[in-house]
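What's counted below: heavy atoms across the whole structure, side chains too, no hydrogens, waters or symmetry copies. Protein chains get the first letters and strands the later ones, always in sequence-line order, with residue 1 at the start of each.
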2 protein chains.
Amino acid sequence: MTLDARKKNVLMAIVQDYIATAEPVGSRTIARKYKLGVSSATIRNEMADLEEMGYIEQPHTSAGRVPSDQGYRYYVDHLMKREEFNSEEAKLVLNGYLTKKREVGHVLRNAGQLLSQITNYTGVVMTTGLGGGRFKHIQLVHMGRRQSMVVMVTDAGVVHHQIIDIPESIQAADLETISSVLNHKLQGKTIENIRLTLIKEIYFELAKQKNILDMAIDIIQEGLSLETGEKIYLGSIFNILNQPEFHNIEKVKVLLSLLENEHELANIMTDVFQGEGVTVRIGEEMEDGRLKDYSLVMGTYHMEGKPVGRIGLLGPTRMDYARSFAVVEYMTDNISLVIERLMRWRGK
Amino acid sequence: MTLDARKKNVLMAIVQDYIATAEPVGSRTIARKYKLGVSSATIRNEMADLEEMGYIEQPHTSAGRVPSDQGYRYYVDHLMKREEFNSEEAKLVLNGYLTKKREVGHVLRNAGQLLSQITNYTGVVMTTGLGGGRFKHIQLVHMGRRQSMVVMVTDAGVVHHQIIDIPESIQAADLETISSVLNHKLQGKTIENIRLTLIKEIYFELAKQKNILDMAIDIIQEGLSLETGEKIYLGSIFNILNQPEFHNIEKVKVLLSLLENEHELANIMTDVFQGEGVTVRIGEEMEDGRLKDYSLVMGTYHMEGKPVGRIGLLGPTRMDYARSFAVVEYMTDNISLVIERLMRWRGK
DNA sequence: TGTTAGCACTCTCCTATATTGAGTGCTAAC
DNA sequence: GTTAGCACTCAATATAGGAGAGTGCTAACA
């Protein structure tokens, strides 16, 4: 399973050349362009070996070689040189979106767009819920007989709202009471804290007001369950069509059928590695068969040190991994930073 | 400019056949399929006339004829038979979305999807702002030094929020006072009413509380200006790729570049006819050159008799106008109905 | 034993060249 | 005014012949 130095060089040359040109690469090209100090015939022998080992494959007998998923994997794990990505422009854009609207959702949406523009792949930004956010305000608004709207604001500036059913006996004034009790008790608490410890406390407080009791519990739980919802911001799909592999409409259809379904997309993003740092999934490594010609480069962004979302770049398996790595890393760092800044403005 | 009966029949046959088959239609096909009682030679003569008049054109000398934009226009205005569209299923789906989330935005988003699914064109749903909505609740939430979030709920269940700057001197308690004054004064008023008459009244009320005065005006105006924002819900883009004209990637790119830009899309939808009923814009009738191969069938939906948004179907100029008309009409009616129902639940 | 030059072979891609067939326009007859 | 007939046009399809890129294998070489 381990490759000698020359095989590594040959594999690296093949991957890099294919990434750059999208054309199957032959032994002569390598001998000419990548000075390995050996003739094309030798490289041919090495290539035969690499093919047998499964790192590269041939579209047809008289064509050059193309990396297999396994080949890309080896390249990513062992051969790829880490790049630095740095774009003052991107940083400015991101901060610009922030200062304009001062809202996390807005920043994330535009981060997705930015990813697409920078790379010509498809950027995906996902929030896994704001587990680390702090409660800021809750308001129950009476919406007519038997209905109330719960509006909840977190200190990240995220607003959730949902309509819930209420018993007919509850009046607008009761909702006001509940709202103020909740606001008083929950001020500045993190979502986890609320969930774990405070519900009981509020239960006692509101128990004094008898008939609103049961409701209160429901409202909190319903309200908090909003938080678990994942949200996905998709970058531009247009850009990825610039990749040469998309001359085939069927591929576009497959991609769209997938991207248009937020739910499926969220599943895929969640399936892919749960850890820290930048992760890559290549082609058939992903469960969804429709993605067999795609790769996904993913990273995690943070708020107060805790992961609160992911960003991903979806491109052809032939994508520029080194650059994608760098871009994803750069963007996660900057999104984290921007969110952090947003929080600092707001104080504790 | 007026066509005799036979020319009309020939034109109608050409348009209908081309809509059905996407193939240029020749004189023989018409003679065979559409019993007009004359030979193909005669039809050839009529076609030569129609071409000279600009209603049809020839892709190349030895091909059949294809309707021109002008031809489609004549068909839509004078020849097309009105269809009825009725789908209990669609009605159920729409109401289903309503009862589940009880929120207009949710219904509209899914109406867009539904349009795409039913027709295999691209559905677009746009709210032109809720000019007719009634104020339900406003809340100013203190978000840290110098910042406040305005959250406004309308009785249609739409929630707007925006962060605004506030003077450092304003405390959380002041915001609470402002909120309650505003809520008391504005309860159940329409947005227009608020804008036109009430600002002054509130000005007097809050004048008693000296230092909050200037702010209050700002907040209301900033808050109300939110209302003008148009919002667009796009149906599935995937479906339109099933149309045979999309074997060409370039066309897909053009379409995507347009659809991905909410702002441009809103402009186009607004350019297109402002009146009542279902409207059609065909190909080059639209200003944006990128849409020269597309048509847009649009309608308006209402709340309490007033137009509050538009829905549109974007398809190739070859689209099935009769059916699209029917579907758009059906959907506007049902969206209006569903919104109406939503409002009734909430009482006045 | 590893490396290399050389060569036959394979297979795609491109180009040039028929061939086909749908459809037209025109003419002459009805 | 209508129609049958026919020559003509032109895209689409098929066919054949290179050209070129690349391989695998063999035999010679260091």
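Pairing partner, D/dC10: C/dG21, with both Watson-Crick or wobble hydrogen-bond distances short of 3.5 Å. In this entry D/dG24 has C/dC7 as its Watson-Crick or G-U wobble partner, both defining distances falling under 3.5 Å.
Using a 4.0 Å cut-off between a side-chain N of Lys or Arg and a carboxylate O of Asp or Glu, A/Asp4 and A/Arg6 do not qualify as a salt bridge. Under a 4.0 Å N-O distance rule, the pair B/Glu245/B/Lys251 does not qualify as a salt bridge. Salt bridge absent: A/Glu83 and A/Arg323 never bring a charged side-chain N and a carboxylate O closer than 4.0 Å.
Between the CE atom of A/Met47 and the C1' atom of D/dA21 there is a distance of 12 Å, rounded to whole Å. Between the CD atom of A/Gln58 and the P atom of D/dA21 there is a distance of 16 Å, rounded to whole Å. Separating the CG atom of A/Asp49 from the C1' atom of D/dT23 is a distance of 14 Å, rounded to the nearest angstrom. Distance A/Ile14 CD1 to D/dG22 C1': 13 Å, rounded to the nearest Å. Atom-to-atom, NZ of A/Lys7 to P of C/dG2 comes out at 10 Å; the value is rounded to the nearest Å. For the pair B/Glu46 CD and C/dC26 P, the interatomic distance rounds to 15 Å; values are reported in whole Å. Between B/Glu52 atom CD and C/dT24 atom P the separation is 16 Å, expressed in whole Å. Residue B/Ile43 contributes atom CD1, which lies 11 Å from atom P of D/dT2 at whole-angstrom precision.
For A/His60, the listed nucleotide lying nearest its side chain is C/dT12; candidates were C/dT4, C/dG25, C/dT12. Residue B/Val38 has its side chain nearest to D/dT3 when only D/dT3, D/dC10, C/dT4 are considered. Of the candidate nucleotides C/dT4, C/dT10, D/dC25, D/dC25 has the atom lying nearest to any side-chain atom of A/Arg44.
With no hydrogens or angles considered, a side-chain donor-acceptor pair links B/Glu260 and A/Ser236 at under 3.5 Å.
Taking for each of B/Arg65 and A/Ser39 the nucleotide of DNA chain C with the nearest heavy atom, the 5'-most of the two is the partner of A/Ser39. Each of A/Asn45 and B/Ser62 was matched to the nucleotide of DNA chain D holding its nearest heavy atom; the match closer to the 5' end belongs to B/Ser62.
Distances shown here put every side-chain N or O of A/Thr42 at or beyond 4.0 Å from the OP1 or OP2 atom of C/dT3. Not one side-chain nitrogen or oxygen of B/Ser27 sits closer than 4.0 Å to the OP1 or OP2 atom of C/dG23.
At the heavy-atom level, A/Arg28 lies nowhere under 4.0 Å from the strands shown. Note on B/Ala63: only backbone sugar-phosphate atoms sit closer than 4.0 angstrom, heavy atoms only; bases stay farther off.
Atoms OH and OH, on B/Tyr121 and B/Tyr294 in that order, are 13.0 Å from each other to the nearest 0.5 Å.
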